[in-house]
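Being a predicted model, the structure only gives us computed values, none of them experimental.
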Amino acid sequence: MTNQLSLNLEVRTDASLSDFSGPGWSTIIDAVRQLHIGLIGQMYIYGSAATGKTHLLSAICESYREMDKTAINLSLKELVNTDVGVLAALESFDLVAIDDLEVIRHSRAWQEAIFHLINRSREGQGQLIFAAKTPATELPFELPDLLTRLIQSPAFRVPEGHNIADRKAMLESVMRRRGWQFDPRITEHLLQEGPHRIGGMLDILNVIQPLFSNLNRAHISKSVINQALAMIDEQTLLAELEDIHQEVQEDLLSKSEENSIYRDSLPLDF
């Protein structure tokens, strides 16, 4: 169990609040500042897949560590098949960030564990951030007390990435922190023609970077630049196809759950 915990509770540090300096993120970052000084104790953020929720949680946790506070970021997608006991004693952290909240919709045990974590954190003056794909009011949880706790949190929807200023601020901040420099034609193409969603853009950034890792930055050939542009187009198409696949799967899952609820509501002699 110890090895499993050390794997799933891995500290992710490749994120900074400076990544979210675009105009679309200002309201959320203002709320994070209020979290820093204790004006709010719990936050709920939501938005579509790959819109930057996980990156934001990592950045917030890192900002706490920079203030010499303790913070931990964990994904229920990674933990849902482990013992709910992994949440024990997490209230000792100054901040606990919990991602992928929607994956426990079929587990009352995990819903109860999150409910008790909220209560323990409140008693110990700890702070919590939750992230999910939907607003708390749309979570299909069977534990009403947990939904009540979540709905009481200030809630913020993350930008979908349609504002190029948000994407540009994110791209420049990440590249600056990593010490990466690309030809302006590449970054402009990524901003204009690449995925609008933050996660997809950063994934492509990681894919094209190895092209330049061993090259003299002052003498990048046109063929390498064209190769990078082609990779951006290819990866963007794959990202769009994955988005479609995810939407279809989520729609099928939603219809399956609706049918299950309908069958359960039928009289036994129907």
Side-chain angles (χ1 to χ4, degrees), residues 8-9 27-28 31-32 34-35 38-49 51 53-54 56-57 60-61 71-158 160 246-247 249-270:
N8 286 325
L9 302 186
T27 300
I28 296 177
V32 172
Q34 294 181 53
L35 200 71
L39 291 180
I40 57 177
Q42 188 170 303
M43 279 179 61
Y44 186 99
I45 64 173
Y46 65 96
S48 305
T51 48
K53 299 187 300 296
T54 298
L56 175 63
L57 294 189
I60 295 172
C61 286
I72 191 166
N73 181 16
L74 52 90
S75 167
L76 290 179
K77 188 182 296 184
E78 298 173 355
L79 296 177
V80 69
N81 293 319
T82 64
D83 193 303
V84 295
V86 300
L87 297 185
L90 288 184
E91 68 275 9
S92 63
F93 285 87
D94 293 313
L95 176 72
V96 178
I98 298 178
D99 203 357
D100 305 305
L101 191 61
E102 68 279 348
V103 302
I104 62 170
R105 59 185 174 273
H106 298 305
S107 175
R108 187 177 179 90
W110 271 98
Q111 292 173 34
E112 291 178 349
I114 295 294
F115 172 74
H116 292 307
L117 173 63
I118 294 174
N119 290 340
R120 294 196 306 271
S121 294
R122 288 182 174 182
E123 292 172 1
Q125 303 300 307
Q127 295 176 301
L128 294 167
I129 302 180
F130 297 98
K133 291 181 179 179
T134 65
T137 54
E138 296 180 14
L139 289 170
F141 287 175
E142 59 178 290
L143 190 64
D145 288 341
L146 173 58
L147 285 174
T148 298
R149 293 286 193 276
L150 295 171
I151 292 170
Q152 291 172 346
S153 307
F156 304 89
R157 180 171 185 169
V158 300
E160 291 287 324
Q246 288 288 342
E247 290 174 2
Q249 292 300 311
E250 290 176 3
D251 185 53
L252 290 174
L253 178 60
S254 177
K255 290 180 179 178
S256 175
E257 290 176 344
E258 289 175 1
N259 290 336
S260 177
I261 293 172
Y262 173 73
R263 289 194 300 270
D264 291 343
S265 67
L266 291 174
L268 295 178
D269 58 350
F270 179 78

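Remark: side-chain polar atoms of W110 are paired, donor with acceptor, to backbone N or O of V80 under 3.5 angstrom. Proximity of a side-chain donor or acceptor of S92 to a complementary backbone N or O of A89 within less than 3.5 Å is detected. Under a 3.5 Å cut-off, the side chain of Q111 and the backbone N or O of L143 do form a donor-acceptor pair. Between the side chain of S153 and the backbone N or O of A155 there is no donor-acceptor pair closer than 3.5 Å. In this structure, K53 contributes its side chain and V158 its backbone to no donor-acceptor pair below 3.5 Å.
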Determine whether I104 and F141 satisfy the following criterion, side chain to side chain contact (heavy atoms under 4.5 Å, CB included), listing intermediate values before the conclusion. CA-CA 8 Å; I104 62 170; F141 287 175; 3.7 Å; yes
If you apply the rule side chain to side chain contact (heavy atoms under 4.5 Å, CB included), what do you find for D99 with F130, and how did you get there? CA-CA 6 Å; D99 203 357; F130 297 98; over 6 Å; no
Verify side chain to side chain contact (heavy atoms under 4.5 Å, CB included) between L128 and L95, making sure each step is shown before the conclusion. CA-CA 6 Å; L128 294 167; L95 176 72; 5.9 Å; no
Could you check L35 against Q127 for side chain to side chain contact (heavy atoms under 4.5 Å, CB included), going step by step and ending with a plain yes or no? CA-CA 8 Å; L35 200 71; Q127 295 176 301; 3.8 Å; yes
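If you check the side chains of T134 and E102, you find no donor sitting under 3.5 Å from an acceptor.
Annotation: side chain of L87 is in contact with side chain of I114 (closest heavy-atom distance under 4.5 Å). L57 has its side chain out of reach of I98: every pair of non-hydrogen atoms, C-beta onward, lies at least 4.5 Å apart. Side-chain contact check for S121 versus L117: some heavy-atom pair is nearer than 4.5 Å. Between E138 and K133 the shortest side-chain heavy-atom distance does not fall below 4.5 Å.
Here the CD atom belonging to E142 is positioned 10.0 Å from the CG atom belonging to L147, to the nearest 0.5 angstrom. To the nearest 0.5 Å, atoms CD (E112) and CG (L146) are separated by 9.5 Å. Rounding to the nearest 0.5 Å places CD1 of I118 at 9.0 Å from CD of Q152. Atom CD1 of I129 sits about 7.0 Å away from atom CG of L56, to the nearest 0.5 Å. Here the NZ atom belonging to K77 is positioned 4.5 Å from the CG atom belonging to D100, to the nearest 0.5 angstrom. Here CG of L74 is found 6.0 Å from CG of L90. Values are rounded to the nearest 0.5 Å.
Here the shortest heavy-atom pairing between A136 and L150 reads CB-CB, 4.0 Å. Of all heavy-atom pairs between A88 and R120, the closest is CA-NH2, 4.1 Å. When every heavy atom of A71 is checked against every heavy atom of C61, the shortest pair comes out as CB-O, 3.7 Å. When every heavy atom of I40 is checked against every heavy atom of M43, the shortest pair comes out as CD1-CG, 3.6 Å. The nearest pair of heavy atoms linking Y44 to P135 is OH-C, 3.5 Å.
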